[in-house]
A.B. asks: 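This is the structure I want to talk about, given as structure tokens.
The sequence lines fix the lettering, A, B, ..., with proteins before strands; numbering per chain opens at 1. Every heavy atom of this structure was used, including side-chain atoms; hydrogens, water molecules and symmetry mates were not.
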Number of protein chains: 2
Amino acid sequence: MHTQLSIIDTLKKHNLSVTDARKNILSLFSQSGNALAHADIEQTSSAEFDRVTIYRTLQTFVEKGIIHTIPSSDNSVRYALCKDECAAGNHHHNHIHFICDNCGITYCIDQITVPKIQLPQGFKASQTDLIVSGTCNKCEQ
Amino acid sequence: MHTQLSIIDTLKKHNLSVTDARKNILSLFSQSGNALAHADIEQTSSAEFDRVTIYRTLQTFVEKGIIHTIPSSDNSVRYALCKDECAAGNHHHNHIHFICDNCGITYCIDQITVPKIQLPQGFKASQTDLIVSGTCNKCEQ
DNA sequence: ACGCCATTGCAACTTTGTTGCAAAATATTT
DNA sequence: AAATATTTTGCAACAAAGTTGCAATGGCGT
Ligand SMILES: [Zn+2]
Ligand SMILES: [Zn+2]
Ligand SMILES: [Zn+2]
Ligand SMILES: [Zn+2]
């Protein structure tokens, strides 16, 4: 149990220089709480950065273990903050993800862990993603 | 236990007119055995169709329940033949998928089923995808 | 405050995906 | 088998998404 690191501390902890773009984009993730796609960030007026900067920032954050990717079937990869201690180039999450078909919100469901999969002979797992889609608790009526 | 439907029979069974593009692309899936991305089909010299035709054919096949999508984190959705009886607009698979980080081959692992997930209150699942990545049995040394 | 190095924005480009429409191919009817 | 109706295809034109090189800017250590 440790206190939430500030935006700036998080960047410094991962050996990144503190720039407007990084502070802004990282705080977007903090504030939103949910996963964001590139397009979400680009369309957020509060963060007006060049598209290229957003691409590079997201890539850097993934490499440094600040955010993780969430696979999708719609050619729109989403990103969410890593909550545990993910090292650079070495993510280890075991929570599942939920994508709402209705509102599009993508959730990290930390309470539910991905089960261990016994693969056929010769297959070695390095990462397992479990993505559930359906209707979220805000959209059910 | 029933015999494998021919390419043409499969198309007719799903109320699709039998065209060169559909026969060709469907047989690509049969022959390959594994999942294919749009780019794989476009680059296969045996199937020389307009990009637009490939997009539309894949979309039609998904809608008719002939192929299913496999989410990915690299903005490259893959498609694979449905083996069970998937109805139009109503896929029900429960096998997992494996994506090899080395050779890129994407496998449907039919022997392993996706576990039932107990979601938090208010969340309703319509589909669950489990994707394992790592090294496949052809790439291990 | 200075200088070095990393980061950003811009421009130009490639790749990927979409839409409308006429021509061609397929299916259906006679 | 031919004529007609319907569907599918390819093309063109476009929109959106992602990449690369480079000069200008801004952050960081001294
Ligand atoms: Zn929702
Ligand atoms: Zn997550
Ligand atoms: Zn492999
Ligand atoms: Zn599959």
A.B. asks: For A39(A) and V52(A), find the nucleotide of DNA chain D closest to each by heavy atoms; which residue's nucleotide sits nearer the 5' end?
C.D. replies: A39(A)

A.B. asks: Can you find a side chain N or O atom of N75(A) that sits less than 4.0 Å from OP1 or OP2 on dT16(C)?
C.D. replies: no

A.B. asks: So, R22(B) side chain and S17(B) main chain: donor-acceptor pair closer than 3.5 Å or not?
C.D. replies: yes

A.B. asks: Here's a test of your reading of the structure: between K23(B) and S76(B), which maps to the more 5' nucleotide of DNA chain C?
C.D. replies: S76(B)

A.B. asks: Heavy atoms of chain A, cut-off under 4.0 Å: which first and last nucleotide of DNA chain D, 5' to 3', fall inside that, if you could look?
C.D. replies: dA17(D) to dC28(D)

A.B. asks: Tell me the ring-ring contact (aromatic ring centres under 6.0 Å, His included) pairs involving residues 19-42 of chain A, sequence neighbours left out?
C.D. replies: H38(A)-Y55(A)

A.B. asks: Please identify each residue that fulfils salt bridge (Lys or Arg N to Asp or Glu O under 4.0 Å) with K124(A), with sequence neighbours left out.
C.D. replies: E140(B)

A.B. asks: To the nearest 0.5 Å, what is the distance between CD on Q31(B) and CG on N24(B)?
C.D. replies: 8.5 Å

A.B. asks: Rounded off to whole Å, could you give me the OH-to-C1' distance for the Y55(A) and dT8(C) pair?
C.D. replies: 16 Å

A.B. asks: Is there a donor in the side chain of D9(A) and an acceptor in the side chain of S6(A), or the other way round, less than 3.5 Å apart?
C.D. replies: yes

A.B. asks: What does the inter-axis angle of the helix from dA1(C)-dT30(D) to dT30(C)-dA1(D) come out as, five pairs per end, nearest 10 degrees?
C.D. replies: 40°

A.B. asks: Can you tell me the distance, in whole Å, between the CZ atom of R51(A) and the P atom of dC13(C)?
C.D. replies: 15 Å

A.B. asks: For nucleotides 2-7 of chain C, print each protein N/O atom paired with a nucleotide N/O atom at under 3.5 Å, atom names and distance only.
C.D. replies:
residue : atom : partner : partner atom : Å
dT7(C)  : OP1  : R22(A)  : NH1          : 2.8
dT7(C)  : OP1  : R22(A)  : NH2          : 2.7
dT7(C)  : O5'  : R22(A)  : NH2          : 3.4

A.B. asks: To the nearest Å, give me how far apart CD1 (I54(B)) and P (dT15(C)) are.
C.D. replies: 16 Å

A.B. asks: What's the shortest heavy-atom distance between Q111(A) and P120(B), and which atoms?
C.D. replies: OE1-CG, 3.5 Å

A.B. asks: Quick one: list whatever passes salt bridge (Lys or Arg N to Asp or Glu O under 4.0 Å) with R78(A), sequence neighbours left out.
C.D. replies: D74(A)

A.B. asks: Quick one: D50(A) CG to dA12(C) P, roughly how many Å, whole number?
C.D. replies: 14 Å

A.B. asks: Would the F123(B) and F98(A) ring centres measure less than 6.0 Å apart?
C.D. replies: yes

A.B. asks: Return the value, rounded to whole Å, for the distance between atom CZ of F49(B) and atom P of dA23(C).
C.D. replies: 22 Å

A.B. asks: Quick one: R78(B) CZ to dT16(C) P, roughly how many Å, whole number?
C.D. replies: 13 Å

A.B. asks: Checking side-chain hydrogen bond (donor to acceptor under 3.5 Å, both in side chains) between H68(A) and each of Q127(A), K83(A), H97(A), which is the one that passes?
C.D. replies: H97(A)

A.B. asks: Quick check: closest heavy atoms across S27(A) and I7(A), and the distance to 0.1 Å?
C.D. replies: CA-CD1, 3.6 Å

A.B. asks: Nearest 0.5 Å, what's the CG-CD distance between N137(B) and Q121(A)?
C.D. replies: 9.0 Å

